[in-house]
There are 2 protein chains.
Amino acid sequence: MGRPSAFDREQAVDDVMHMIWRDGYEASSVKALSEKLGITRSSFYNAFGTREALFKEVLEQYCKQSPDFALALATPPIDVKMLLTLVFREACAARAADPEGRGCLAINSVAELCNQDEELGPVLESLVLGSINQIQTVLNWGVASKEFPRDLDTHALALCLQNLLIGLNVMCKVVKDEAELLLTAETTLKALGMYEYGLDEVDED
Amino acid sequence: MGRPSAFDREQAVDDVMHMIWRDGYEASSVKALSEKLGITRSSFYNAFGTREALFKEVLEQYCKQSPDFALALATPPIDVKMLLTLVFREACAARAADPEGRGCLAINSVAELCNQDEELGPVLESLVLGSINQIQTVLNWGVASKEFPRDLDTHALALCLQNLLIGLNVMCKVVKDEAELLLTAETTLKALGMYEYGLDEVDED
DNA sequence: TCCTTTTTGTACTTGACTGTACAAAACAAT
DNA sequence: ATTGTTTTGTACAGTCAAGTACAAAAAGGA
């Protein structure tokens, strides 16, 4: 019923995602976004309401394809060290593979908008806090399954791992060599006792 | 000779620093900066030339008062673990003490401008690379003084420590409790074997 | 006092961006 | 084909920002 949209909404959100990823949120004006999509601002407002609303859609879509999404998908029973090792490898590979060195859209947005944007700041804040909680949950599975000792401080460790991931997502903008990023991740992971050895000749696709 | 400037340049750079710290570089227009300083854009251009030039001045001034500046000031002989422990404590305290949760001006700018701004990107890039090198140099002093074993991988460790610092400087925007930041820093530092115990009841002014 | 130098304020031109309003266009359902 | 619904393009009115030009103002030095 009614006139159908002339553009593919999924595709549009994806296009916008890459633009905001590159340029940042504030630099992506309604005018610029509309032009990128090949539609008028009028259609933009009609289809998405506000820039903030679209950003939330973009963020959701981004999360589902981010290199650490495996952490959110995991269900017990699971080899936690292996999961962490693979997630961090994937993160390093993904960040180094980006020829534009954009880092992580979510973390870029945290740096830009947290404690700054009334509406989007809290959204990003709970995204990060949720991620820390998810890591802690996964670590708790490892304790429950006896992979880790009973007295492991999973909260402290979750903070460290999230912090490691955030650091990599920013440092990759400067340290562009995958081997260097991997060295950073694996050295810290090993120190924290969260590295799975014996994965070196296994194909982890 | 000639008419003297109506404003204190040092003070002006400091004011601008706090504005860019809060709002970010791109959000700090020449108009906004000029108004903050109580001068006209005309005077702004006359005094600072370009926004980029002023930012470089701001960045220099920022670095000299950043919580990790002690790393740049250090000279051997020095207790490296103690230096690192104190620097990270100071960083956590400083980030948590900021009621506006602005994080680190330098790292915010890296996230915003690296691989994005033709002129400022490289400046920030070499700032971070220089910091990694400085950390590695300090670690090497520790090896030379036998504080650390001869085979310590100081390059890998320097990357980890810089990454830890970057992570804290972003994560503090979300995790605002100093104790949580400290837990993150100290847990990672201990894991990396870079934590100086026995400082707990020492006054580190 | 006069001259030189530098800063300062005003003005102008130009371009970007926002949000809304309104009519035309396109389609689905009846 | 008519009706109803939604999208789309154009237009408008308003704000903000950039960079330059030029004259006025304010000093210091001779």
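In what follows, chains are A, B, ... by sequence order, proteins preceding strands, each numbered from 1.
Summarising the geometry, the separation between CG on D8(B) and P on dT7(C) is reported as 15 Å, rounded to the nearest angstrom. Between the CZ atom of F48(B) and the P atom of dT8(C) there is a distance of 10 Å, rounded to whole Å. Atom P of nucleotide dA17(D) and atom CD of E26(B) are separated by 13 Å, given to the nearest angstrom. Rounded to whole Å, atom P of dG15(C) lies 19 Å from atom NZ of K31(B). dG19(C) atom P lies 12 Å from atom CG of L33(A), rounded to whole Å. Put simply, CD on E52(B) is 11 Å from P on dA18(D), counting in whole angstrom units. Distance N46(B) CG to dA21(D) P: 14 Å, rounded to the nearest Å. Between the CG atom of L54(B) and the C1' atom of dA18(D) there is a distance of 16 Å, given to the nearest Å.
Shown here is E118(A), whose CD atom has no more than 12 heavy atoms of other residues, nucleotides or ligands within 6.0 Å.
No donor-acceptor contact under 3.5 angstrom links the side chains of E112(A) and N108(A), judged on distance only. A donor-acceptor contact closer than 3.5 angstrom links the side chains of T154(A) and N140(A). Checked by atom type, the side-chain pair N169(B)/R95(B) shows a donor-acceptor distance below 3.5 Å.
Between I39(A) and E35(B), the residue whose closest nucleotide on DNA chain D is further toward the 5' end is I39(A).
The side chain of T40(B) approaches dT10(C) more closely than any other nucleotide in the set dA18(D), dT18(C), dT10(C). Taking the side chain of S42(A) as heavy atoms from C-beta on, and the options dC16(D), dG9(D), dT8(C), the nearest nucleotide is dG9(D).
Within the 4.0 angstrom heavy-atom criterion, only backbone atoms of the sugar-phosphate kind lie near S29(B); the bases stay farther away.
Interface remark: the R41(B) side chain does not form any donor-acceptor pair with the dA17(D) base, using a distance-only criterion of under 3.5 Å.
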